[in-house]
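Accompanying notes for the structure given below.
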Number of protein chains: 2
Amino acid sequence: MHDLIRQAEALCQRSGMAFTAPRRRVLEILAASETPMKAYDLISKAGEGGQATKPPTVYRALDFLCQLGLVHRIEQDATFVACNHAGHSHPMALFVCNTCLKATEVAYDEVAPILEKAAEMQGFHLTRLVVEGRGQCQDCALAA
Amino acid sequence: MHDLIRQAEALCQRSGMAFTAPRRRVLEILAASETPMKAYDLISKAGEGGQATKPPTVYRALDFLCQLGLVHRIEQDATFVACNHAGHSHPMALFVCNTCLKATEVAYDEVAPILEKAAEMQGFHLTRLVVEGRGQCQDCALAA
DNA sequence: GTAGGTAGTGTTATGTAATAACATACTAGG
DNA sequence: CCTAGTATGTTATTACATAACACTACCTAC
Ligand SMILES: [Zn+2]
Ligand SMILES: [Zn+2]
Ligand SMILES: [Zn+2]
Ligand SMILES: [Zn+2]
């Protein structure tokens, strides 16, 4: 869990970016969370000593972390989740369990080319791809 | 363009649902729009005589139309677009052009099984899949 | 017909997500 | 020092979405 913070520090250093206090706090909270979090849940915890802070503080940190690939935004429900493949930029899908709400990250190198081809057939050139799913995770399936 | 309305009427009749005035107005506006629309743009036009109406009126109509597959919601930017393959329910992706903002709908029967398999390998059982893209459409590529 | 259920709408108010705009602080480079 | 670049703090506002309740239309059972 603290691995992620160390990786983030290293990644920032390499790319000459500052891993500042608000960025660290937001990433720490996300890394400690079992499930993806809403921005306003972060806002209510990301201040000094776990106090609330202001929306722009958190949104700026989230933008930064998303750009570095340390955090992913789940578009379906506007939540944010720490990435457990720190700094990767290969195509990946996020599957969220409807029961426990945990997110599973899955690589899909195989799929991107197919979608790109399907798009190109209509003359469309892809620059960004969002793949998200909903369903039931293994733990919840076994528990049922 | 009015085809869509007739198809919607038929679809509703078949499934015993009411194609009521607000639902019709929302679908008409979306069908007439070149690009996906924000909910509040609809709200400001969907009332009697093109006047504004109240949010719940429009959101309820949108929920209804989305469930029937007559409208799709684009999660990335919370916009809504009329479906030009009325009432289909096969897997499809929406690609939005960054330049002209038009949405292109693409079927991808090929891809869903791969993603399902990738998910199952992690024990995850998919019930819903969202595939969205961004990029440049053919027209804009040629114009550039 | 009339009571009760279902489906849909109208309306008010509120909750939730995100950003604009501007002021302030820190930190190199000349 | 001074200033350009980067980031944060703060206030206010905009944008997106739903809760809750009253009311109407319609259908069906008794
Ligand atoms: Zn990741
Ligand atoms: Zn689960
Ligand atoms: Zn469609
Ligand atoms: Zn275009």
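Numbers restart at 1 for each chain; the letters A, B, ... are given by sequence-line order, proteins then strands. Only a predicted model underlies this, so the values are computations on that prediction, with no experimental measurement involved.
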In this structure, how many angstroms lie between the [atom2] atom of [N] and the [atom1] atom of [X], rounded?
X: A:Phe19; N: D:dT8; atom1: CZ; atom2: P; result: 11 Å
X: A:Asp63; N: C:dA18; atom1: CG; atom2: P; result: 10 Å
X: B:Asp41; N: D:dA15; atom1: CG; atom2: P; result: 9 Å
X: A:Leu62; N: D:dA7; atom1: CG; atom2: C1'; result: 15 Å
X: B:Met17; N: C:dG8; atom1: CE; atom2: C1'; result: 11 Å
X: A:Glu75; N: C:dA17; atom1: CD; atom2: P; result: 14 Å
X: B:Arg25; N: C:dG8; atom1: CZ; atom2: P; result: 16 Å
X: A:Gln76; N: D:dC16; atom1: CD; atom2: C1'; result: 17 Å

message: Mind checking if A:Pro56 touches a base, just sugar-phosphate, or nothing, with heavy atoms under 4.0 Å?
response: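 A:Pro56: base contact, heavy atoms under 4.0 Å.
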- request: Assign each of A:Ala61 and A:Tyr40 to its nearest nucleotide of DNA chain D by heavy atoms, then name whichever residue's nucleotide is nearer the 5' end.
  value: A:Ala61
With a 4.0 Å cut-off on N to O distance, would you call [X] and [Y] a salt bridge?
X: A:Arg6; Y: A:Asp3; answer: yes
X: A:Arg134; Y: A:Asp77; answer: yes
X: A:Arg25; Y: A:Glu48; answer: yes

May I ask you to evaluate whether [X] reaches the phosphate of [N], defined as a side-chain N or O under 4.0 Å from OP1 or OP2?
X: A:Tyr59; N: C:dA18; value: yes
X: A:Arg23; N: D:dT8; value: yes
X: B:Arg73; N: D:dA17; value: yes
X: A:Thr20; N: D:dA7; value: no
X: B:Arg60; N: D:dA19; value: no
X: A:Thr57; N: D:dG9; value: yes
X: A:Lys38; N: C:dA17; value: yes

- prompt: When you look at CD of A:Glu110, are more than 12 heavy atoms from neighbouring residues, nucleotides or ligands closer to it than 6.0 Å?
  reply: no
field: Proximal nucleotide (of C:dT12, D:dT10, D:dG9) relative to the B:Lys54 side chain
entry: C:dT12
message: Among D:dT8, C:dT9, C:dT19, which nucleotide has an atom closest to any side-chain atom of B:Pro22?
response: C:dT9
message: Both conditions, 6.0 Å and 45 degrees, for the charged tip of B:Arg24 above the ring of B:Phe19: are they met here?
response: no
field: First of A:Ala78 and B:Pro55 reached from the 5' end of DNA chain C, by closest nucleotide
entry: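 Final value for this comparison: B:Pro55.
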